[in-house]
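A quick write-up on the structure given underneath.
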Amino acid sequence: MVQVNLTRHLFAFFPQLEGLTLEVEAIDVAGVVRALEARAPGIGFYLCDERGRLRPHVNIFIGNSLIRDRRNLSDPVSAGDKVSILQALSGG
Amino acid sequence: MSGNTVWVATRKGTFKIEKSGGRWRAALVGHVGTNVNYVARDPNTNRVWALLGHGHWGAKLSISDDDGATWRDNPAQIKYPEGARYIGQDMFEDQASDFGLGWKTTVRNATLLKLWIIAFGPDGAIWVGTIPGGLFESRDGGASFELNRPLWNHESRGGDLFNGEGTGETQWFGTPASEGGEFAPGIHSIAIDPRNPGRLLIAISTAGVLETSDGGRTWRSRNKGMTMDHNPDSEAEWGHDPHFIELCRDAPDHVWQQNHAGVFYSDNGAQSWRKVSAPSDGVHFGFPVTVDAHNGKVAWLVPGRSDAQRMALDGGLFVARTDDGGASWKQQRKGLPQQNAYDVVYRHALDNRDDAVAFGSTTGNLYLSEDRGESWDVVSHNLPPIYSVRFG
């Protein structure tokens, strides 16, 4: 299982996820997003655009490392990984 | 009573303005902290729709079925379909150019950059205008939306890029109004003919006005008589920058347009336009226009100084009303600030209903008149920057 940490900002739109220990089965980051979408319909379009690309001001980390593939989210994840989905600081 | 409610979209949320105890009062009712481009009620269903632009999370349709008390994302969101492409213009560093910069066209994959306008027809018809220039339509009250492909594939835009490379040329240019600042065309006006809901006028920055009379299957330009001062060919078919168009509900052949290059009026359903700017009365540049529902010769504007100085004229704010199809204009100043006013009123931030007229500015001021603009009251001085004002 992969543990997922979401920015608190997202709980405003998906309150059903707040306070949960989020664990999903996935082999890559795209699979993590699909698993989140299954639990909270609509969240995938918050994180990615309609072509599946990560939105410009959203960052996903595996452990402490930013993912490399923002276009297809193909970075692999393994059991025990911690995936963090955060909003980028884009100034201000 | 629809005339007793005003929906206000702002940089920081959705406000509902209602009259109670003899005063108009503003209340923040949703989308706190979120950029809201447009809010309006569907008069057929009473559902209120808000067009959101989350800075991080993209553009979203939000709905309320209880007068704004609670909101939720519409289950169907606007998404460009796979294969939707358009010709865009990019500036690039060009060492061969005397100026060091050049423009080149590139074919871009389309994704939703902004939800800008929503319009409601009968029988579950809903139309949504977006950046980068896609018009989306619903025939089931918003349960699903589809890109209008005849407009997307229009010859003025370079033809069908779903199934080929098209002509390689576009007559649609851009607006920087998308949330990310990407330069791309935007549909900001949708006017449905009440006599024939299959007939629509839309306006695009920057391309011009288009009309369909068959429910969106075919589209034609409606820019005859429009002029521009940013093109050597001032009467070219394309390249116009309408800022907003609106037609008269009870006399739909009367159509008004505040354009970058002046004020235009048509009394023949946009088959031809006539410039009715009156610079000596301060009437020329601006963004919004609103038309009386009964008399197509009556319209209101909130002029600005010019495209180079987007501000009130000489620090004094006024609304301009014509009662005679633009032959003459009356400046309506009573109750509006006449010193140190720098209000800019965006294209969707002026509306009228019965004898009431309301507008809001980027400096967070909301003004309302109950006597057709003869005198004005301040509803609030301290709202966030205002993007739309709609009775309903």
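Naming: A, B, ... by sequence-line order, numbering from 1 per chain. Owing to the predicted nature of the structure, the values given are computational and were not obtained by experimental measurement.
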Query raised in the report: Say you draw a straight line from CD1 of A:I43 to CG of B:D73; how long is it, rounded to the nearest 0.5 Å?
Result: 11.0 Å
Query - A:F45 backbone acceptor or donor facing B:K60 side chain under 3.5 Å - result: yes
Query raised in the report: In Å, rounded to the nearest 0.5 Å, how long is the span from CZ of A:R51 to CG of B:L112?
Result: 11.0 Å
Query raised in the report: Are A:D49 and B:K79 side-chain neighbours, meaning at least one heavy-atom pair lies under 4.5 Å?
Result: no
Query - Part of residues 1-22 of chain A lying next to chain B, heavy-atom separation under 4.5 Å - result: A:T7, A:H9, A:L10, A:F13
**Report entry** Side chain / backbone / both / neither for B:L113 at chain A, heavy atoms under 4.5 Å
**Finding:** neither
Query raised in the report: With a 4.5 angstrom heavy-atom cut-off, which part of B:P81 approaches chain A: side chain, backbone, both or neither?
Result: backbone
Query raised in the report: Can you tell me how far the CD atom of A:Q87 sits from the NE2 atom of B:H54, to the nearest 0.5 Å?
Result: 12.5 Å
Query raised in the report: What about A:Y46 and B:H56, are their ring centers closer than 6.0 Å?
Result: no
Report task. Evaluate whether atom CG of A:N64 has more than 12 neighbouring non-hydrogen atoms of other residues, nucleotides or ligands under 6.0 angstrom away. Result -> no
Requested in this report: Any chance you could lay out the side-chain contact (heavy atoms from CB on, under 4.5 Å) test for B:E82 and A:E50, step after step, and finish with the verdict?
Outcome: CA-CA 8 Å; B:E82 183 81 38; A:E50 56 266 64; over 6 Å; no
Query raised in the report: Near B:Y38 OH, under 6.0 Å, is it more than 12 heavy atoms from other residues, nucleotides or ligands?
Result: yes
Query raised in the report: Residues of residues 65-77 of chain A under 4.5 Å from chain B (heavy atom pairs)?
Result: none
Query raised in the report: Is atom CD of A:E23 surrounded by more than 12 heavy atoms (other residues, nucleotides or ligands) closer than 6.0 Å?
Result: yes
